Amino acid sequence: MNRRNFIENTAKAALIMAAGSSTWAVAACKVGSQAGALVFTQLPLPYRYDALEPHIDALTMEIHYSRHHAAYVKNVNEAIAAEGIAYADEASFFANSSKLSAKARNNGGGAWNHNFFWQVMKPGGGGSPAGKVADALNAAFGSFEKFKEQFNAAAMGRFGSGWAWLVIDNGKLKIGSTPNQDNPLMDVSEFKGTPLLALDVWEHAYYLKYQNKRNEYVAAWWNVINWDEVAKRLK
Ligand code: MN3
């Protein structure tokens, strides 16, 4: 990479980091010797580790962000480099996940899913959504309470590690879950759509505070949802 490319790429990465809440948090630029290689970026956490207390504790947030999430980002970028994966952006990467190695698929999902998850939470969040989100949830599920019930069932019904999602698919809101670090953007996923809201139900997301009581973690999480971010994604 020559000096000019390096400067352009650095500037692009800085813009992406500054964008912060971008769903597509990726520097689709040329890095190193591999032209066209995709690079996943770990977005800055938009609040302090202790900001979601008491619902999500500071130590869980610190370990989750600085170790688990950071490792997914590092590992997917290693896999991309080692395997010569050359998709231009994350959308193509996930649309072709059936062709990826387990390392690329699992860590790519982990990198993206956590970037998304941090954005859809905030201190002092929760409550009932207003405006177009409320309208869309009422239209799709009958009421906000019914939406909550169905989302909780998806989160509780996912056996082992995975994620619960609210997505929009061809204009229709749907609730579902995915195993491991799969997400609804992946061609291999049985549950597909554009994510609007996500909940990490891996034990690493709650075990320190809630131990085996996933239901208490899920109940507490409703207090930190950032409905503004959901509204932004609801087109
Ligand atoms: Mn996690």
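Numbers for residues simply follow the sequence, beginning at 1. Just so you know, ligand 1 is whichever comes first in the structure, and atom 1 is the first atom listed for that ligand. Here the structure is a predicted model, which means the values were calculated and not measured.
Considering only heavy atoms from C-beta on, Asn183 stays 4.5 Å or farther from Ser189 through its side chain.
Among all heavy-atom pairs drawn from Trp163 and Asn180, the shortest one is CD1-O, 3.3 Å.
The pair Asp169-Lys174 counts as a salt bridge, with a side-chain nitrogen and a carboxylate oxygen less than 4.0 angstrom apart. Salt bridge absent: Glu149 and Lys146 never bring a charged side-chain N and a carboxylate O closer than 4.0 Å.
The Mn ion (ligand 1) has His64 NE2, His114 NE2, Asp200 OD2, His204 NE2 as protein N, O or S atoms under 2.8 Å away.
Looking at residues two or more places apart in sequence or on another chain, you find a salt bridge (Lys or Arg N to Asp or Glu O under 4.0 Å) between Glu78 and Lys74, Lys103.
When the shell of 6.0 Å around CD of Glu62 is examined, it contains more than 12 heavy atoms from other residues, nucleotides or ligands.
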